[in-house]
Amino acid sequence: QVQLVESGGGLVQAGGSLRLSCAASGRTFSRARLGWFRQAPGKEREFVAAISWSGGITYYADSVKGRFTISRDNAKNTGYLQMSSLKPEDTAVYYCAADYRPQMGVGVLNYQHWGQGTQVTVSS
């Protein structure tokens, strides 16, 4: 089992930046795929970005491509989501997720382990 704790959320003006962190403990972090998802009020949880265990493969939702960057530091057992050029529609609770199965995926069901989420609010 791996435990995930997100941090770095907050209130930011449109056009600003935030960096979310996902600290992992427990099971070997370096063998897990990581994903970031978000959920806005009244909406379903949606995929944001994913990264392979080595960091060599990344995927992004079209809505964040070119603005967000996913990364990881396996030596620090931490994943990151750098968010730039933030828009009000990026407002949501952001969740970090991990999975040890080999196939990359962008769906919620592709990830077995979840953090508690961190709120990101972008004001216009």
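If you read the sequence from its start, that first residue is 1, and numbering goes on from there.
- Taking Ile, Leu, Val, Met, Phe, Trp and Tyr as hydrophobic and joining them when side-chain heavy atoms fall under 4.5 Å apart, one finds Y100 in a cluster with V2, L4.
- D90 and K87 are not joined by a salt bridge, as no carboxylate oxygen comes within less than 4.0 angstrom of a charged side-chain nitrogen.
- Summarising the geometry of L81 relative to Y94, their closest heavy-atom pair is CD2-CD2, 4.2 Å, with the distance given to 0.1 Å.
- Across every non-hydrogen atom of Q82 and S17, the tightest pair is NE2-CB, 4.0 Å.
- A chain of hydrophobic side-chain contacts below 4.5 Å, direct or via other Ile, Leu, Val, Met, Phe, Trp or Tyr residues, connects Y111 to Y59.
- At least one side-chain heavy atom of E6 sits under 4.5 Å from a side-chain heavy atom of W36.
- Atom CD of Q1 and atom CD of Q112 lie 9.0 Å apart (nearest 0.5 Å).
- Taking every heavy atom of both residues into account, V120 and L20 meet most closely at CG2-CD2, 4.0 Å.
- A heavy-atom distance below 4.5 Å is found between the side chains of T91 and Q119.
- Linking Ile, Leu, Val, Met, Phe, Trp and Tyr whenever their side-chain heavy atoms come within less than 4.5 Å leaves F68 and Y95 in two separate clusters.
- F37 and V64 are assigned to two separate hydrophobic clusters, defined by single-linkage of ILVMFWY side chains at heavy-atom distances under 4.5 Å.
- Between the CZ atom of R72 and the OG atom of S30 there is a distance of 7.5 Å, given to the nearest 0.5 Å.
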Q) Step by step, would you call R101 with R33 a side-chain contact (heavy atoms from CB on, under 4.5 Å)? A) CA-CA 8 Å; R101 292 169 292 184; R33 297 183 284 109; 4.2 Å; yes

Pair up each side-chain donor or acceptor in residues 40-51 with any protein partner under 3.5 Å, not counting sequence neighbours, and list the distances.
from: R45; atom 1: NE; to: Q39; atom 2: OE1; distance (Å): 3.3
from: R45; atom 1: NH2; to: Q39; atom 2: OE1; distance (Å): 3.4
from: E46; atom 1: OE2; to: R38; atom 2: NE; distance (Å): 2.6
from: E46; atom 1: OE2; to: R38; atom 2: NH2; distance (Å): 3.2

Q: Could you go through the side-chain contact (heavy atoms from CB on, under 4.5 Å) check for F29 and L34 one step at a time?
A: CA-CA 9 Å; F29 172 78; L34 288 187; 3.4 Å; yes

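- Minimum heavy-atom separation, S21 to T78: CB-CG2, 4.3 Å.
- Follow the hydrophobic side-chain contacts under 4.5 Å out from Y80 and you never reach I70; the two are in separate clusters.
- The OG1 atom of T58 sits 9.5 Å away from the NZ atom of K65 when rounded to the nearest 0.5 Å.
- Going from atom OG of S84 over to atom CZ of R19 covers 11.5 Å, rounded to the nearest 0.5 Å.
- Heavy-atom minimum distance, A98 versus A32: CB-CB, 4.2 Å.
- Applying the ring pair (Phe, Tyr, Trp, His ring centres under 6.0 Å) test to W53 and every residue at least two apart in sequence or in another chain returns nothing.
- Cation-pi geometry between R67 and Y60 is not satisfied (NZ or CZ under 6.0 Å from the ring centre, within 45° of the ring normal).
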